[in-house]
Amino acid sequence: MLPIFDPNDNEAGLKLLEDLTNNACQIQQQVLEYILTTNLHTGYLKSFLNGDSIKENFKNKVPIVNYEDIKPCIERIANGEPSSIISAQPITELLTSSGTSGGQPKMMPSTTEELERKTFFYNLLVPIMNKYVDGLDQGKGMYLLFTKPEISTPSGLMARPVLTSYYKSSNFRNRAFNRYNVYTSPDETILCPDSKQSMYCQLLCGLVQREEVLRVGAVFASAFLRAIKFLEEYRKELCFNIRTGRLSDWITDPNCRNAVSSFLSKPNSELADLIEIECSGKSCKGIIKKLWPRTKYIEVIVTGSMAQYIPTLEFYSGGLPLVSTMYGSSECYLGINFKPLSNPYDVSYTLIPNMAYFEFLPVDKDNKKVIQDVQCNGATDHNGKQEEDGKEKDVEAVDLVDVKLGHYYELVVTTFTGLYRYRVGDILMVTGFYNNAPQFRFVHRRNVVLSIDTDKTNEEDLLKAVTQAKVLLEPLGFLLTEYTSFADASSIPGHYVLFWELKTQGTNDLQELDPITMEQCCSTVEESLDSIYRRCRKKDKSIGPLEIRVVTQGTFDALMDFCVSQGSSVNQYKTPRCIKSEEAFKILDSRVVGRFFSKKIPFWEPFRIETN
């Protein structure tokens, strides 16, 4: 199922992408046929199909499932039962979710073959970037990549985040040389289990090789911004290491020390002086371009909840493009951005048809809610139900090539690794087509919402409201660097609480906030939320005034440290946009320096149907 091509051959790579997208329908049918034929006699599929691999029967008899439905199968494998419960191929590891995307970490099955599929996917990114950016083979990439120690299950299988799995695999460690993908970070620094030592050593190597750096980045925007803050805090020590040619004693990981020592073979006071001068200004605006002057772009994921970091990234970038290249998950890798230099707010991904078999559950556009409520044997039935003219009709999952422009869907995948009709939980909107393959914008994660009464505020709507409100602060010199939310039901009525971490441009000290402006921010958020929320506030009076609690700088770093201590991956960590953990709430609430409430009731009027 995986075509062979040389990632150094741009023309061959682009031709392959043309073939994949032109033949999306045929490839999807081949993928499903291969998966069913290979796994037809696994315990899971046998219970539904009884040896029948016809596509129509697959859709009619195999239910669409959530994680809770398949969790017992995965736990049985983790506890030592054979992989044949769900997969004809041996399950070689279990991939954990980040733990901050809608709940507790989940374990997804993976195989050796799947690592080959990921390598194939990464190689496809190369010709696309080369199509839009020249000369990437004339230097290196400073990518800040991290791993997390794995957990051994009773079966002996390792459970670890998807990126940790890949970086520790022979596919990554023994990868063939690709002149377009040379890193400043030695593998030993990426694989270092101590995230602080790893960060320090990777930044040090990136600074020493600054004249060779053509692109910088991390997986998520939040991780890259954390690296910039780390650089601000440790710049003097980093410069001392460069000046003396000696690595700090607290770097104790032997592999890191050995790898980095080769870059510090001799003192370089000239470079240390230059870095100190560039970092000595009152503001770090444009610091990326100053420290790495040949950099052509910043590569980080800025879609979904990561979009809120775009203004901060632009502040530090010095005008560099923000590039979000790929869309993936712990279940499987999914799509590629075919226009990497597009506006970061307009990023769409083209799903690659040989990565998995894709289906899509239609989602109600206004409520962003899956039109599907029917349950069957503990799993979602293959059909949803939607009322039309007082009658109930079936709503079926549609195939990849049958989605409609402008419509919203929830992604369902059937993978090569033992997931069948599995709801990933991502809500996507169709934005266009590349040849015969649809392109999607990531909207939000299913069920990541605030709710006090009948209101349902999702991640995207919250981001839009916060984006509207923070505009009021920018003329005053304040920058919103992080936020999250909390549904406070301790009072009657309950109300939304937003935790904001602010930064004053040009200084590390937070200046005094104007209460009137902050109250206007609260009101603007409320006015920007949907009609149901505003009806609850104005007519039903079932929701109290929205509150913004401003926290001290560094609060969200403390939140991340807590989440990591609870099992989240540093590399995959995403700030949760809704806090439900009591411990996480205490971390935020203990650092509040200002509380502000909306003084206005938001506008609302009943929904009207326009007549022709």
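Atom set for the values below is all heavy atoms of this structure, side chains included, hydrogens, waters and symmetry mates excluded. Computed from a predicted model, the values in this text were never measured in an experiment.
To the nearest 0.5 Å, the span separating CG on L144 from CD1 on I190 amounts to 9.0 Å. Put simply, CG on L322 and OH on Y345 are 9.0 Å apart, with the number rounded to the nearest 0.5 Å.
Remark: E150 engages K168 in a salt bridge, criterion side-chain N to carboxylate O under 4.0 Å. Ionic pairing of D561 and R226 is present here: one or more N-O contacts between side-chain nitrogen and carboxylate oxygen are shorter than 4.0 angstrom. Ion pairing between E460 and R441 holds under the 4.0 Å rule for side-chain N and carboxylate O. Between E482 and R577 there is a salt bridge, since a side-chain N of the basic residue sits under 4.0 Å from a carboxylate O of the acidic one.
Residues Y434 and S348 bring no donor and acceptor atom of their side chains to less than 3.5 Å of each other. With hydrogens and angles left out, the side-chain atoms of Q553 and K503 include no donor and acceptor closer than 3.5 Å. In this structure, a donor-acceptor pair under 3.5 Å is present between the side chains of N241 and S248. For the residue pair N337 / T325, no side-chain donor-acceptor distance below 3.5 Å is found, with atom types taken as modelled. A donor-acceptor contact closer than 3.5 angstrom is absent between the side chains of T415 and E331.
Partners of K296 according to the side chain to side chain contact (heavy atoms under 4.5 Å, CB included) rule, which considers only residues two or more places apart in sequence or in another chain, are V133, L136, L214. Q468 pairs by the side chain to side chain contact (heavy atoms under 4.5 Å, CB included) definition with T524, S528, not counting sequence neighbours. Listed by chain and residue number, C192, D194, W250, I251, T252, D253 satisfy the side chain to side chain contact (heavy atoms under 4.5 Å, CB included) test with Q197 (two or more places apart in sequence, or in another chain). Remark: T484 pairs with no residue by the side-chain hydrogen bond (donor to acceptor under 3.5 Å, both in side chains) rule, at least two apart or across chains. Residues meeting the side-chain hydrogen bond (donor to acceptor under 3.5 Å, both in side chains) test with S581, sequence neighbours left out: E583. Annotation: side chain to side chain contact (heavy atoms under 4.5 Å, CB included) contacts of P186 (sequence neighbours excluded): E188, T189, C205, A259, F263. Y166 is linked by a ring pair (Phe, Tyr, Trp, His ring centres under 6.0 Å) to Y122, counting only residues two or more places apart in sequence or in another chain. Judged as a side-chain hydrogen bond (donor to acceptor under 3.5 Å, both in side chains), and not counting sequence neighbours, the contacts of R243 are D273, E276. Here S165 pairs with E93 under the side-chain hydrogen bond (donor to acceptor under 3.5 Å, both in side chains) rule; sequence neighbours left out. Take R246 and apply the salt bridge (charged side-chain N to carboxylate O under 4.0 Å, His left out) test, not counting sequence neighbours, and it matches D249.
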**Q.** Working for ring pair (Phe, Tyr, Trp, His ring centres under 6.0 Å), residues F440 and Y349
**A.** CA-CA 5 Å; F440 297 87; Y349 300 103; 9.9 Å; no

Q | Pair S198-S195, side-chain hydrogen bond (donor to acceptor under 3.5 Å, both in side chains): steps then yes or no | A | CA-CA 5 Å; S198 175; S195 60; over 6 Å; no

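Using a 4.5 Å cut-off on side-chain heavy atoms (C-beta onward), C284 and Y316 make contact. Using a 4.5 Å heavy-atom threshold, the side chains of L163 and T147 count as separate. In this structure the side chain of M199 reaches within 4.5 angstrom of the side chain of F146, judged on heavy atoms. Contact annotation: the side chain of E410 never approaches that of D426 to less than 4.5 Å [non-hydrogen atoms, C-beta and beyond]. Counting only heavy atoms from C-beta outward, the side chains of F433 and Q439 never approach each other to under 4.5 Å.
Listed by first and then second residue, the salt bridge (charged side-chain N to carboxylate O under 4.0 Å, His left out) pairs involving residues 199-211 amount to none (not counting sequence neighbours). The salt bridge (charged side-chain N to carboxylate O under 4.0 Å, His left out) analysis of residues 320-329, with sequence neighbours excluded, yields no pairs.
Paired with P127 under the rule side-chain contact (heavy atoms from CB on, under 4.5 Å), one option of N10, D9, L16 passes, and it is N10. Under the ring-ring contact (aromatic ring centres under 6.0 Å, His included) test applied with Y183, the options Y143, F177, Y167 reduce to a single match, Y143.
Under the 6.0 Å cut-off for aromatic ring centres, Y234 and F230 qualify, their centroids lying closer than that.
Annotation: cation-pi geometry not satisfied between R117 and F120 (NZ/CZ under 6.0 angstrom from ring centroid, within 45° of ring axis).
Under a cut-off of 6.0 angstrom, the local environment of NZ in K289 is crowded, with over 12 non-hydrogen atoms contributed by other residues, nucleotides or ligands.
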